[in-house]
Amino acid sequence: MFKNRFKQKELIPDTFNFSNMTLSRKYVEYIWDFDVYEIMKRYTRDVLIFHGDADNMVPLHYSKRTTTTFSSVELVVLPGAGHCLQWIMKRRSSG
C-alpha cells in the first residue's frame, strides 16, 4: 500500500495523514518489506473473513488473496458493505 503511494523510501515525508491517523516515516520504513502473506502461512487454524465489496479502504483483492494463503479459510463477501462492517451488521440485525 505505501509502496504504491510513495514509490521509494526517499519520498516518504517525516509525517503524513493516513485514515485519520498521523503516521511517521519511521513506521513506513519499518514495514516497507513486510510480507503479511508469508506470516499468514504460519497460521494453521480455521479462518473466517468478512469483507464488504464496497470497502474503499482495503480492496477486496487482499482478502481474495488470503484464500490461497491460509490453509483453511472461508471468505464471505458482503454486497454493498464498506470498511466498517460492525455498523452495517448492527443495522442489518436490528432492523
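- Between the side chain of Asn17 and the backbone N or O of Asn20 there is no donor-acceptor pair closer than 3.5 Å.
- Between the Ser24 side chain and the Tyr27 main chain, a donor and an acceptor come within less than 3.5 Å of each other.
- Using cut-offs of 30° and 60° on the angle between ring planes, the pair Tyr43 and Phe70 is perpendicular.
- Across all their heavy atoms, Trp32 and Ile12 have their closest contact at CZ3-CD1, 3.8 Å.
- Residue pairs meeting the salt bridge (Lys or Arg N to Asp or Glu O under 4.0 Å) criterion with at least one member in residues 17-38, sequence neighbours excluded, are Lys3-Asp33, Arg25-Glu29, Glu38-Lys41.
- In this structure, Ile49 and Thr66 have side chains that are in contact, with non-hydrogen atoms separated by less than 4.5 Å.
- Proximity of Val77 to Phe50: side-chain heavy atoms (C-beta onward) are nowhere separated by under 4.5 Å.
- When all heavy atoms are compared, the tightest approach of Thr44 to Ser71 is O-OG, 3.7 Å.
- Minimum heavy-atom separation, Ile39 to Phe34: CG1-CZ, 3.7 Å.
- Residue Val58 comes nearest to Asp55 through the heavy atom pair N-OD1, 2.9 Å, listed as atom of the first residue, atom of the second, then distance.
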Inset, instruction - Tell me, with the steps shown, if Tyr62 and Val36 meet side-chain contact (heavy atoms from CB on, under 4.5 Å). - result: CA-CA 11 Å; Tyr62 286 110; Val36 70; over 6 Å; no
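- For Ser72, the side chain to side chain contact (heavy atoms under 4.5 Å, CB included) test picks out Asp46, with sequence neighbours left out.
- You'll find the side chain of Leu23 reaches within 4.5 Å of the side chain of Phe16, heavy atoms only.
- A donor-acceptor pair under 3.5 Å is absent between the side-chain atoms of Thr67 and the main chain of Ser63, judged by distance alone.
- Side chains of Phe6 and Pro13 form a contact here, defined as non-hydrogen atoms less than 4.5 Å apart.
- Partner of His51 under the side-chain contact (heavy atoms from CB on, under 4.5 Å) criterion, out of Val76, Leu75, Leu78: Leu75 alone.
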